[in-house]
Number of protein chains: 2
Amino acid sequence: MMTDYIRALSIDGVIFGFHENELKVLLLRWKGTDEWSLPGGFIRMQESVDVAAQRVVQERTGLTQLYLRQFHVFGDVNRYDQVDVWRRAGLSFDERDMWPRAISIGYYALVEYSKVEPTPDHLTEACAWWSLDTLPNLLFDHNQIIEVALQSLRKELNEQPIGHLLPEAFSIPELQRLHETILGHALDARNFYKKTIASGDLERLPERRRGTPHKAPFLYRFRPLEPV
Amino acid sequence: MMTDYIRALSIDGVIFGFHENELKVLLLRWKGTDEWSLPGGFIRMQESVDVAAQRVVQERTGLTQLYLRQFHVFGDVNRYDQVDVWRRAGLSFDERDMWPRAISIGYYALVEYSKVEPTPDHLTEACAWWSLDTLPNLLFDHNQIIEVALQSLRKELNEQPIGHLLPEAFSIPELQRLHETILGHALDARNFYKKTIASGDLERLPERRRGTPHKAPFLYRFRPLEPV
DNA sequence: CCAAAAGTGTTACACCTACACCCATGA
DNA sequence: TCATGGGTGTAGGTGTAACACTTTTGG
């Protein structure tokens with residue numbers, strides 16, 4: 001029931017994935033249109049905001065155990081041209097009244113691309129990965145939201161190595177390519193080695209990656225958090 | 001009219017001031033009680049969230065031209081013991097229904113202590129500065145909100161010098177004492193000089209501060225932002 | 001054996017830290 | 001003249017940035 005949800009306030013989820021050296025976001029195509037938007041949802045009356053964000057991302061990806069960060073609230077009165085968006089999204093005049101005002105809490109999620117099963121919701125008929133470099137003109141102000149999410153992610157990346165977009169076991173050069181993609185510029189391999197190893201967050205696994213036509217790299221994983 | 005406001009969602013404002021080498025927050029005492037809380041408010045239907053935060057702070061301080069930062073959304077289902085808070089705040093059972101669910105967007109403001117005219121709102125009968133070191137047990141989860149605000153402020157301080165808690169003209173040692181108070185530990189005066197001057201954010205004014213029983217310090221102000 | 005990627009060490013520079021003395025002022 | 005706080009330079013350490021060669025592997 002719609003009345004079980006807090007209205008006016010919603011969650012928008014920027015779900016980041018990493019595939020073929022490209023940063024991706026998961027988008028939804030609205031029924032009967034060629035228009036795409038971020039996944040989102042409302043907050044249940046008896047549901048914490050963080051839990052609602054988990055639910056939104058979980059329903060689109062099938063994943064539990066999410067790496068989620070609240071990064072910004074978007075609350076401008078004129079966040080986008082509502083008339084234009086209603087038309088593009090294929091919504092009738094009645095449905096329009098559902099959004100007298102839209103305030104969104106932005107969360108970004110870092111997920112492992114290959115484990116995601118993209119799933120549309122009841123308003124949409126497709127769920128797919130899009131490369132950040134070739135995004136279409138999205139509904140609402142979702143292009144801007146993605147931009148702010150990316151800036152927040154870059155800021156976080158400068159503070160600590162982040163590997164949640166990779167499989168559990170990965171090589172240092174793979175982690176480096178991830179960081180380069182997020183930051184948008186090349187990094188020096190030797191310095192990247194020293195820095196990530198020195199961070200103490202990684203531990204080397206006994207096996208190396210086999211099957212590449214070149215020197216077999218060591219595999220690492222993020223050290224499990226110390227129990228407190 | 002209450003119906004002009006978005007309910008369930010509210011603003012909580014952590015208004016920081018600096019006086020006699022102590023960091024202060026502006027608090028409100030609820031009518032007929034000895035209970036204090038942060039200033040807060042709802043968001044009007046035709047009002048941006050940032051503007052609502054400005055309004056909240058402006059109404060309590062009389063200040064325009066605010067330095068305001070959105071720092072976190074507090075949205076847990078059980079943010080605090082509601083029954084306990086209703087009793088302490090002196091609210092009757094009927095009023096209780098006004099808050100079936102409370103989600104707060106936290107903003108902090110940095111204001112010039114001496115320019116503030118503390119003003120209570122319609123639920124409260126006193127508005128006063130409290131030192132961060134001697135806060136009482138506040139209503140709601142406001143002690144935790146202040147703690148998160150302080151952490152965010154410290155993080156911001158490590159990225160750039162902040163002087164909005166001081167008068168426009170100030171000496172470097174005054175700025176240093178402000179930073180020491182916020183960070184909670186002493187700083188080296190020589191290093192602080194070099195760092196703040198090197199940041200390029202300050203410009204030295206022609207006059208020095210007079211009237212102290214000691215060497216007259218140079219006065220500085222934050223360089224006005226370059227027009228883009 | 002060859003192409004391609006993995007892996008490594010050294011130097012230079014920037015930034016932060018630690019530290020001590022002289023200067024200016026009002027009382 | 002003195003007590004107090006303002007104002008400054010230098011040296012060492014740490015971390016980041018720049019840079020080239022050897023090693024390993026599958027094909």
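A, B, ... follow the sequence lines: proteins, then strands. Residue 1 opens every chain. Here the structure is a predicted model, which means the values were calculated and not measured.
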message: Rounding to an integer number of Å, can you tell me how far A:Glu207 CD sits from D:dT25 P?
response: 15 Å
field: Rounded distance in Å - CD (A:Glu159) to P (D:dT16)
entry: 13 Å
- request: Go through B:Glu159 and B:Lys155 one step at a time and tell me if the salt bridge (charged side-chain N to carboxylate O under 4.0 Å, His left out) criterion holds.
  value: CA-CA 7 Å; B:Glu159 292 167 9; B:Lys155 200 166 180 179; over 6 Å; no
field: A:Lys194 vs A:Phe218, nearer the 5' end of DNA chain C by closest nucleotide
entry: A:Phe218
field: Atom-to-atom span, OH of A:Tyr193 to C1' of C:dT10 - whole angstrom
entry: 19 Å
- request: Between A:Pro173 and B:Pro213, just flag the one whose closest nucleotide in DNA chain C comes earlier from the 5' side.
  value: A:Pro173
Among C:dG26, D:dG7, C:dT8, the nucleotide that comes nearest once only the side chain of B:Lys215 is considered: D:dG7
- request: Please report, rounded to the nearest Å, how far the P atom of C:dA4 is from the CZ atom of A:Arg177.
  value: 15 Å
Interatomic distance where CZ belongs to B:Arg209 and P belongs to D:dG6 [whole Å]: 11 Å
message: Using a 6.0 Å cut-off, check whether atom CG of A:Asp34 has over 12 heavy atoms from anything other than its own residue.
response: no
- prompt: To the nearest angstrom, how far is A:His214 atom NE2 from C:dG7 atom C1'?
  reply: 15 Å
message: Nearest to the A:Asn191 side chain among D:dA18, C:dG7, D:dG9, which nucleotide is it?
response: D:dA18
task: Applying salt bridge (charged side-chain N to carboxylate O under 4.0 Å, His left out), run through B:Glu125 and B:Lys31 and close with a yes or a no.
output: CA-CA 5 Å; B:Glu125 59 188 357; B:Lys31 282 179 180 166; over 6 Å; no
- request: Check whether more than 12 heavy atoms from other residues, nucleotides or ligands sit under 6.0 Å from atom CD of B:Glu203, and answer yes or no.
  value: yes
task: Could you tell me whether A:Thr212 contacts a base, only the sugar-phosphate backbone, or nothing, with contacts defined as non-hydrogen atoms closer than 4.0 Å?
output: sugar-phosphate
query: What is the distance, rounded to the nearest whole Å, between atom NZ of A:Lys195 and atom C1' of D:dT14?
result: 14 Å
- request: Give the nucleotide from the list C:dG9, C:dT25, C:dG7 with an atom nearest to the side chain of A:Arg190.
  value: C:dG9
query: Among B:Glu168, B:Glu174, B:Glu207, which one satisfies salt bridge (Lys or Arg N to Asp or Glu O under 4.0 Å) with B:Arg221?
result: B:Glu168
message: Can you identify which nucleotide, out of D:dT16, D:dC19, C:dA6, has its nearest atom closest to the A:Asp188 side chain?
response: D:dC19
query: To the side chain of B:Arg204, which of D:dA18, D:dT8, C:dT8 is closest?
result: D:dT8
task: May I have the distance from B:Ile172 (atom CD1) to C:dA24 (atom P), rounded to whole angstrom?
output: 18 Å
